[in-house]
Protein chains: 2
Amino acid sequence: MSQQEVSTRSRRTSHPKSAITRQRILDAAARAFSLKGYAATTINDIAMTAEMQGGSIYYHFESKDDILQEVLDVGITRVFSAVRLAVGSLPASSAFSEKLEAAVTAHLTMLLQQSDYTSANIRVFEQAPAAVKRQNRKLRAAYGEYWGRLLSEGQRAGAIRRDVDLMVLRLLLLGAMNWAATWYRPGDLAVSELAQNVCDIVLNGAGLDSNHLERSSKGRRARS
Amino acid sequence: MSQQEVSTRSRRTSHPKSAITRQRILDAAARAFSLKGYAATTINDIAMTAEMQGGSIYYHFESKDDILQEVLDVGITRVFSAVRLAVGSLPASSAFSEKLEAAVTAHLTMLLQQSDYTSANIRVFEQAPAAVKRQNRKLRAAYGEYWGRLLSEGQRAGAIRRDVDLMVLRLLLLGAMNWAATWYRPGDLAVSELAQNVCDIVLNGAGLDSNHLERSSKGRRARS
DNA sequence: GTCTATAGTGGGATAGAC
DNA sequence: GTCTATCCCACTATAGAC
């Protein structure tokens, strides 16, 4: 199913000329939010990068919150599309491990090197006003559900142990990835390598095989 | 070794009476920062919770940044102490998996339910002014190195595969845990259960044992 | 040590010329 | 559609009484 771009759902996109300027503003905002956080970014910061005066912004957007809303929404839309595309491009018969690696690589690529919108989303979502968060949360939920289905398929296909809580697995995986926005600096390590490492650890574990034997013993020996 | 509390290293702790008020202010600030973020928290918010007027804060602290600095620093000091204590309380001969679970449980406990300081740290560190971050980063580095040593010991003891990149493992683990500050709500799932799940996945992997066979084959079969 | 009052400022948003 | 000028408010921080 062709997912329609969220794109410009604003009040005033009639004129094609202003659409370009709008984009410049959003690009500038996404970058600035991602680098400095929401509150620390001023309208004038955005305007300067977009090569205009502060007041001019308000021809295109109603408020700073409005800009934030759109940046955050595009941020999720972009990762979501990239991940769906990466996974969808694989042969349907592919092993789960390959699908997972494709998804993880796509997510990390958008977050860490391709999309200021996505990294802005991950970095400033928590700082956003309640109303803005509320709307963005819908997109986040849909994206989260996509991951849920991916993992669930993997489990049904026998690639994930039946006793693993998929909710926890998903949050652990997305958490590990998203936190990379905090520490990753290009040059440390290629994104694709990071993705491989993450998938390896999550699927195979960092421990030796012998550890597996202990795992189903729920009742730990009481500390005497 | 008894690690001395960082406690009050401020200019004006001579009088025992004001030390209590200072604490009230810090507690209020930690909670507010953790809930609303740094910029969105006003001096008056803090003052109200601490049951005083905004202006009075400045008898105890030089600036808002000053309060933030102390909150952030205490935040790391607290998790660090808790984790060190939890691991240190185990018999030295304990299995690595037990040490890991103790450490993970302690970290998550402080972050998710015991310390507003720790959760404030994780949530607002990125929003802090450069100077504040710079100082706090020293504590974070020491804490990170502690985890590095813990994992490194585990690897030397044979509990972690030799081909696992410990740097990545550490960041994945701390990332997964810290991100929980974003989604965890008490009642969803007990912290200790979450900790067990995380350790299980990270050590044993979410996949089936058969996956292990594939893992050292770097050259994936080319998709035909 | 805490209060009230206020100085000072930064920055979001609007008005109106061009 | 962009500019300049400015309004206006929120908030940090200070001053001085008590």
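A note on names: the letters A, B, ... follow the listed sequences, proteins ahead of strands, and every chain is numbered from 1. Given the structure is predicted, the values throughout are model-derived calculations rather than measurements.
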Quiz item: OP1 or OP2 of dT4(C) sitting under 4.0 Å from any side-chain N/O of Q53(B)?
Solution: yes
Practice problem: Rounded to the nearest angstrom, tell me the gap between atom CD in E51(A) and atom C1' in dC3(D). | Solution: 15 Å
Quiz item: Can you find a pair of side-chain heavy atoms, one from D73(A) and one from Q69(A), that are under 4.5 Å apart?
Solution: yes
Practice problem: Between G54(A) and A40(A), name the one whose nearest nucleotide on DNA chain C is closer to the 5' end. | Solution: A40(A)
Exercise. Mark yes when over 12 heavy atoms from residues, nucleotides or ligands other than E51(B) sit less than 6.0 Å from its CD; otherwise mark no.
Key: no
Practice problem: Round to the nearest Å and state the distance from H60(B) atom NE2 to dA13(D) atom P. | Solution: 16 Å
Quiz item: Is the charged tip of R137(A) near the ring of F125(A): under 6.0 Å from the six-membered ring centre and within 45° of its axis?
Solution: no
Self-check item: N or O in side chain of T21(A) less than 4.0 angstrom from dT2(D) OP1/OP2
Solution: yes
Practice problem: Search all heavy atoms of Y58(A) against all heavy atoms of S63(A) and return the closest pair with its distance. | Solution: CE2-CA, 4.1 Å
Exercise. Check whether any side-chain N or O of T42(A) sits under 4.0 Å from OP1 or OP2 of dG10(C), and answer yes or no.
Key: no
Quiz item: M48(A) has an atom CE; how far is it from atom P of dT2(D), in whole Å?
Solution: 17 Å
Quiz prompt | For atom CG of D66(A) and atom P of dG12(C), their distance in whole Å | solution = 14 Å
Quiz item: Think S56(B) has a side-chain N or O under 4.0 angstrom from the OP1 or OP2 of dC3(C)?
Solution: yes
Quiz item: Of the nucleotides dG12(C), dT14(D), dG1(D), which one has an atom closest to the side chain of Y58(B)?
Solution: dT14(D)
Practice problem: Find out whether the Lys NZ or Arg CZ of R84(A) is both under 6.0 angstrom from the six-membered ring centre of F80(A) and within 45° of the ring's axis. | Solution: yes
Self-check item: d(CG, D65(B); C1', dA13(D)) in whole Å
Solution: 12 Å
Quiz prompt | Shortest side-chain distance from S18(B), nucleotide among dA13(D), dT14(C), dG1(C) | solution = dG1(C)
Exercise. Write down the distance between CD1 (I57(A)) and C1' (dG11(C)), rounded to a whole number of angstrom.
Key: 13 Å
Exercise. Report the nucleotide, chosen from dT2(C), dC3(D), dA13(D), that has the shortest atom-to-atom distance to any side-chain atom of M52(B).
Key: dT2(C)
Exercise. Could you tell me the separation between the CG atom of N44(B) and the P atom of dT4(C), rounded to a whole number of Å?
Key: 11 Å
Quiz prompt | Nearest-neighbour nucleotide for the Y59(B) side chain, dG12(C), dT12(D), dT2(C) considered | solution = dT2(C)
Quiz item: Rounding to a whole Å, what distance do you find between K64(B):NZ and dT14(D):C1'?
Solution: 17 Å
